[in-house]
Amino acid sequence: MKSTIACLLVLAVAAQAQYYGYGGYYGGYYPYAGVRTAYTGIPATAAYPVAYGYPSYSATQYHAQDELGQASFGYAHPGQAATNLRDGFGNQIGSYAYINPEGKEVRVSYTADSRGFRVLSNDLPVAPVANLVAPVDTPEVAQAKAEHAAAVTAAKSGVAPVAPVVALPSPVQDTPEVAAAKADFAVKFAAAKAAATPAVRAKRQVLGYGAYPGYAVSPYAYTVAAPAVVAAPAVPVREATLTKTILTPGHAVAYRVD
């Protein structure tokens, strides 16, 4: 580095000496009077510029392809790199790596073909572990499951399951007060119904009607004769007359019956 700086300084000094040490350097085109000064060298107080260091790194990339569509391409520079291969049918494999913001080196390899995209990596997401506990059946649920399993087994075997015997509740027994109230209500209801029913209607209600043509005899020895058959009046009959009228020859015809 120091040798490079020294060479640059020598070239600068030589150019400066050429510019100032030759009178009429631009005199061929412009009237310029050269200034002649004696070169005394670099002052002793001049200091060399400070040389700062820069990180040295190299980055590369490549791409190669033929007329069949086969290709290989990739790149590499500090912090990440990738390489890919593709055949003439479009199938491709490759890998890449990089440093994530947390400082971890992530490596990925993949295959892309007719079966889809498949990848392997050290940084794939991991599903959480479910620490689940199986539920415990209540006694009612356990009994229902057992009965259902027994019914399924019986249905598969062809034997009908026996229905469980369930004791029915006994009918409600009337208390003496309720029984007396019911009897009293029945007596009053019959008396009110008899008082409200007309005599003619009561006479008709006692008749029992049988099958036609006669009627059954009532308990009171009433008889009813069958209704008389009334003959229909005679209607004169004659032969009908059909009249045919041609409205449009070959298309419309009208008929009339008299």
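We number each residue from 1, following the sequence as shown.
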What residues, two or more places apart in sequence or in another chain, satisfy salt bridge (charged side-chain N to carboxylate O under 4.0 Å, His left out) together with [X]?
X	answer
Asp113	Arg118
Arg115	none
Lys188	Asp184
Lys182	Asp174

| query | Roughly how far apart are Asn91 CG and Gln70 CD, rounded to 0.5 Å? | reply |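 Taking CG in Asn91 and CD in Gln70, the distance rounds to 11.0 Å.
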
| Pairwise distance OG1(Thr111) to CG(Leu120) - rounded to 0.5 angstrom |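 The distance works out to 7.5 Å.
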
Over all atoms of both residues, closest heavy-atom pair of [X] and [Y]:
X	Y	result
Arg86	Gly69	NE-O, 3.4 Å
Ser58	Pro78	O-CD, 3.9 Å
Gln92	Asn84	NE2-OD1, 3.9 Å
Asn122	Lys104	O-NZ, 3.2 Å

| request: Could you work out the complete set of other residues in the hydrophobic cluster of Val119, with links drawn between I, L, V, M, F, W and Y side chains under 4.5 Å apart? | output: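 Besides Val119, the cluster holds Tyr96, Tyr98, Val106, Val108, Tyr110, Phe117, Leu124.
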
| Residues sharing Leu85's hydrophobic cluster, by side-chain heavy-atom contacts under 4.5 Å among ILVMFWY, directly or via others? |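 Hydrophobic cluster check, Leu85: joined to Ile93.
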
| said: More than 12 heavy atoms of other residues, nucleotides or ligands under 6.0 Å from OH of Tyr62: yes or no? | reply: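 Counting other residues, nucleotides and ligands, OH of Tyr62 exceeds 12 neighbours.
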
| query | Are there more than 12 heavy atoms of other residues, nucleotides or ligands under 6.0 Å from atom NZ of Lys145? | reply |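 No, NZ of Lys145 has 12 or fewer neighbouring heavy atoms, counting only those of other groups under 6.0 Å.
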
| query | With no hydrogens and no angle check, do the side chains of Gln65 and His63 hold a donor and an acceptor under 3.5 Å apart? | reply |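 Per modelled atom types, Gln65 and His63 side chains form a pair under 3.5 Å.
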
